[in-house]
**Q** 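Below you'll find the structure I mean.
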Amino acid sequence: MKKIICIAIGLLAVAGLRAQQTPVYLDDTKPVEQRIDDALSRMTLKEKIRIIHAQSKFSSAGVPRLGFPDFWTDDGPHGVRPDVLWDEWEQAGQTNDSCVAFPALTCLAASWNPSMARIYGVSLGEEALYRGKDMILGPGVNIYRTPLGGRNFEYMGEDPYLTSRMVVPYIQGLQSNGVSACVKHYAMNNDEEYRHQVNVVIDDRTLHEIYLPAFKAAVTEGHAWAIMGAYNLYKNEHNCHNQYLINDVLKRDWGFDGVVVSDWGGAHDLDQAVKNGLDMEFGTWTDGLTMGATNAYDNYFLSMPYLKAIQSGKYSTKELDDKVRRVLRLFYRTTMNSHRGHGFLCSDAHYAAAKKIAEEGIVLLQNKGGVLPINTAKAKRVLVVGENAVKMMTVGGGSSSLKVQHEISPLDGIKARLGKDVEVEFERGYVGDTTGEYNGVTTGQDLSEKRSADKLIADAVAKARKADYVVFFGGLNKSDYQDCEGHDRKTMDLPYNQNRVIEALTKANKNFIYVNISGNAVTMPWKNRVPAIVQGWFLGSEAGEALASVLVGDANPSGKLPFTWPASLQDVGVHKLNAYPGVWRKDKKIIDEEYKEGIYVGYRWVDKEKTNPVFAFGHGLSYTTFKMGNARVSSKSMTRDGKLTFTVNVTNTGKRAGAEVVQLYIHDVKSSLPRPEKELKGFAKVELAPGESKDVDITIDNSALSFYDDRTGKWTSENGDFVALLGNASDNLPLKLKFSLK
């Protein structure tokens with residue numbers, strides 16, 4: 001009898017449990033906003049709290065009772081990060097979580113081709129979709145303020161206009177797959193050192209003209225579904241819950257209807273998290289910054305502390321319902337999107353996209369005597385030197401570290417392209433970082449070296465004397481204090497004594513080619529003694545094939561620098577003015593970093609101070625030559641609600657097909673506030689066959705003439721005269737057209 005009673009009780013309990021878990025089917029025929037209202041009205045308080053904070057390292061919970069699945073994020077922005085354990089950063093040990101590594105965003109920006117950004121976003125979204133990811137944590141659009149910035153390689157350069165034009169199609173391509181972008185790091189996360197403690201001190205004009213435009217474009221044009229707050233502070237509030245940046249600017253002024261996601265561990269205060277616009281809290285341990293309790297997600301500010309505060313009457317559900325409404329809107333755009341496909345992983349199309357983006361972004365900085373492209377008909381022996389010719393660059397660097405299906409090294413790329421007809425030899429030259437591991441992903445490379453520095457140089461020089469060409473792959477890597485999250489570089493100089501190797505090799509062979517692998521500028525004391533210099537970036541899976549393609553001329557380089565390449569730190573405003581890394585407060589908890597250089601960042605500073613950079617913003621050479629002329633404008637004057645179109649004829653005067661970038665800068669002749677000498681306001685990339693000519697049109701509107709007037713707190717333009725400057729680099733603008741605003 002007892003057994004029968006126990007079974008009966010058990011069956012009743014199971015029935016009750018099933019009754020509680022019976023899903024409520026929502027009407028999916030209604031418009032999304034009505035469906036959101038419907039779901040919100042059915043959710044319990046605990047269910048609302050459940051969906052606004054993490055439940056694991058990269059996921060937040062859904063609402064099974066209402067049919068909402070869990071929501072999965074993953075790091076980008078260069079590829080889909082390998083899966084980690086539920087509550088640990090170590091790898092989950094899966095065998096189906098490799099990916100295609102796309103070029104770093106500095107390379108994408110260097111293509112000056114928005115169509116490449118669209119292809120990039122679509123391809124990445126397809127990979128994310130196949131991997132079951134609903135949000136990619138990227139792209140990054142913080143401004144290149146100093147060449148010491150450890151995370152500059154993840155961003156798109158120094159100019160707010162260029163960054164804005166490149167980020168919009170990236171977002172649109174990514175989100176076309178039903179995978180959310182999460183644009184980061186909002187805002188002014190321009191250096192990594194003390195990133196959790198830096199309080200940015202900046203004037204309103206600089207904030208709105210330099211550091212916010214790319215985020216604004218991401219929201220108002222790209223319609224990004226999510227924005228990630230930055231670790232640093234502004235106005236003494238952490239940016240993940242910042243009243244001015246989030247509530248006033250992002251949500252009120254720009255009309256952002258998506259979710260604000262905290263950077264991992266970026267939330268610091270319950271009251272600010274509730275009131276200052278944070279919608280979803282993610283992190284590592286309890287506070288995200290220290291080794292707290294594991295599986296501490298219930299302790300997050302927007303979890304049990306928030307729930308208890310509402311239950312005690314400290315808060316109403318007003319702010320909570322706004323957060324939940326935004327998260328539900330994100331669900332309907334992603335996990336509840338019935339039109340999402342299945343995606344593709346490591347497809348031929350994705351590798352082709354990665355290679356094409358890399359080829360368009362590689363920048364030919366210098367080519368004296370036409371050393372490049374390598375003459376494959378005459379070359380019998382090519383010597384490749386440098387650790388960066390063989391070291392895997394997809395592993396490491398912080399959160400953008402990847403586990404790739406394959407990565408073709410520069411050495412292997414050159415061997416594959418030249419191996420049949422040309423003898424390709426390799427020498428190490430220098431020893432840098434011999435490790436190859438990040439969060440459990442290992443390269444499997446043995447980079448140990450027993451030879452001394454002197455012996456390495458001597459061996460390289462001996463072979464260089466016998467080679468027809470010497471190609472040196474140097475620069476930085478993704479180790480701490482180089483191009484890596486968490487720390488900035490300590491110097492602008494090349495590490496590992498590379499300058500000594502380069503100097504020796506230039507004396508040994510006149511056909512010396514230097515390929516710089518980095519996301520940052522480096523000093524080049526030997527520049528005038530090196531015939532050819534190529535900026536090779538971090539190119540991802542197809543690095544070797546893309547670099548080999550450019551070096552031998554299969555692809556004609558068309559990349560342009562997205563940042564100014566200074567000769568030294570003293571040629572950079574932030575360093576000239578001793579504005580970095582800031583001044584510690586007396587309590588040593590916060591460091592105030594004043595942006596003393598103001599709006600004069602990059603080429604704006606160059607023009608103001610009349611310095612001579614090693615390579616100018618927008619600079620990049622080709623294996624062919626171009627002529628620009630016959631510049632004209634659609635009208636000599638423009639009204640505030642009108643537009644002007646500038647037309648330039650571009651001719652390929654060389655013997656190779658190639659692409660040129662027409663760049664348009666605007667100079668304000670007279671202004672009530674100081675303005676930069678010129679500012680980029682338009683560009684267009686044009687491909688031409690040998691001897692071919694095309695007219696290139698660039699259209700501007702009133703926004704190209706406007707500045708942020710911090711006296712009135714709004715964007716404004718002033719009647720008067722302007723000059724349009726056209727050319728192919730910020731220091732090569734021979735065409736000038738005058739016009740006026742009336």
Side-chain angles (χ1 to χ4, degrees), residues 57-58 73-84 89 91 97-110 117 120-121 123-125 127-128 131 133 135-142 144 149-157 163 166-167 170 174 179 181-185 189-192 195 228 230-231 261 263-264 282 284 350 354 357-358 361 391-405 407 433 435-443 475-489 517-520 536-543:
K57 282 289 183 284
F58 282 104
T73 73
D74 211 346
D75 272 313
H78 308 137
V80 187
R81 185 174 178 168
D83 291 326
V84 298
W89 284 112
Q91 299 307 297
D97 61 346
S98 58
C99 69
V100 173
F102 297 93
L105 293 189
T106 41
C107 176
L108 175 63
Y120 197 123
S123 302
L124 179 60
E127 298 247 330
R131 290 272 307 280
K133 309 305 179 185
M135 175 190 286
I136 285 293
L137 305 176
V141 295
N142 294 104
Y144 186 112
R151 217 163 179 178
N152 282 341
F153 73 98
E154 288 190 56
Y155 301 144
M156 299 192 195
T163 303
M166 298 301 291
V167 74
Y170 178 114
L174 177 63
V179 175
C182 186
V183 185
K184 61 187 187 182
H185 303 87
N189 185 183
N190 307 116
D191 45 69
E192 286 293 287
R195 60 181 178 168
M228 181 188 289
Y231 281 132
V261 176
D263 202 342
W264 267 229
F282 286 84
T284 308
H350 294 168
I357 294 164
K391 180 177 173 60
M392 283 185 66
M393 292 295 185
T394 54
V395 176
S399 59
S400 63
S401 179
L402 299 171
K403 184 171 83 175
V404 294
Q405 187 185 51
E407 177 181 346
D433 181 6
T435 64
E437 186 273 339
Y438 188 85
N439 281 156
V441 175
T442 60
T443 64
L476 310 178
N477 54 43
K478 292 184 177 179
S479 302
D480 280 345
Y481 300 101
Q482 293 199 41
D483 283 317
C484 186
E485 179 183 358
H487 293 287
D488 291 336
R489 300 166 65 194
I517 306 297
S518 77
N520 268 306
W537 312 112
F538 296 112
L539 299 180
S541 291
E542 296 294 286

**Q** Keeping the roles fixed (side chain from H350, backbone from L124), state whether a donor-acceptor pair exists under 3.5 Å.
**A** no
**Q** Quick one, Y144 and T106 - any side-chain contact, counting heavy atoms below 4.5 Å?
**A** no
**Q** Determine the minimum heavy-atom distance between P103 and Y120, stating which atoms define it.
**A** O-OH, 2.5 Å
**Q** Would you sort out whether S400 and F538 count as a side-chain contact (heavy atoms from CB on, under 4.5 Å), showing the intermediate values?
**A** CA-CA 12 Å; S400 63; F538 296 112; over 6 Å; no
**Q** Decide yes or no for N477 and I517: does some side-chain heavy atom of the first lie under 4.5 Å from some side-chain heavy atom of the second?
**A** no
**Q** Mind listing the closest non-hydrogen atom pair of S479 and C484 along with its distance?
**A** O-CB, 3.1 Å
**Q** Roughly how far apart are D75 CG and E154 CD, rounded to 0.5 Å?
**A** 8.0 Å
**Q** Just to verify, which of V141, L137, N142 counts as forming a side-chain contact (heavy atoms from CB on, under 4.5 Å) with H185?
**A** N142
**Q** What's the separation between atom CG in D480 and atom CG in D488, rounded to the nearest 0.5 Å?
**A** 11.5 Å
**Q** Measuring from S401:OG to E437:CD, what's the distance to the nearest 0.5 Å?
**A** 8.5 Å
**Q** Please determine if D263 and K184 form a salt bridge, counting it only when a charged side-chain N lies under 4.0 Å from a carboxylate O.
**A** no
**Q** Among D74, N439, D97, exactly one meets side-chain hydrogen bond (donor to acceptor under 3.5 Å, both in side chains) together with R81. Which residue is that?
**A** N439
**Q** To the nearest 0.5 Å, what is the distance between CG (N520) and CG (D483)?
**A** 5.0 Å
**Q** Applying salt bridge (Lys or Arg N to Asp or Glu O under 4.0 Å), name anything that partners K391, two or more places apart in sequence or on another chain.
**A** D433
**Q** Can you see which heavy atom on N152 is nearest to which on G519, and at what distance?
**A** CB-O, 4.0 Å
**Q** Apply the side-chain contact (heavy atoms from CB on, under 4.5 Å) test between T394 and each candidate in T443, V100, V404; give the one that qualifies.
**A** V404
**Q** Can you name the closest pair of heavy atoms from A101 and A354 and give their distance?
**A** O-CB, 4.1 Å
**Q** Verify, without hydrogens or angle tests, whether E192 (side chain) and H487 (backbone) share a donor-acceptor contact under 3.5 angstrom.
**A** no
**Q** Is the W89-F58 ring centre distance short of 6.0 angstrom?
**A** yes
**Q** So, for L174 and G125, which heavy atoms are closest and what is the spacing to 0.1 Å?
**A** CD1-CA, 3.4 Å
**Q** With side-chain contact (heavy atoms from CB on, under 4.5 Å) as the criterion, how do V84 and Q91 come out once you've worked through the C-alpha distance, each side chain's angles and the decisive distance to 0.1 Å?
**A** CA-CA 4 Å; V84 298; Q91 299 307 297; 4.0 Å; yes
**Q** How long is the straight-line distance from NZ of K478 back to CE of M393, given to the nearest 0.5 Å?
**A** 8.5 Å
**Q** Would you call K57 and D83 a salt bridge, taking side-chain N to carboxylate O under 4.0 Å as the test?
**A** no
**Q** Can you tell if the side chain of V441 reaches within under 4.5 Å of the side chain of P82, non-hydrogen atoms only?
**A** yes
**Q** Which residues satisfy the side-chain contact (heavy atoms from CB on, under 4.5 Å) test with A109, sequence neighbours excluded?
**A** M156, P562
**Q** From L108 CG over to Y155 OH, what is the distance, rounded to the nearest 0.5 angstrom?
**A** 15.5 Å
**Q** Can you see which heavy atom on E485 is nearest to which on S399, and at what distance?
**A** OE1-N, 2.7 Å
**Q** For the residue pair Y231 and W264, establish whether any side-chain heavy-atom pair is separated by less than 4.5 Å.
**A** yes
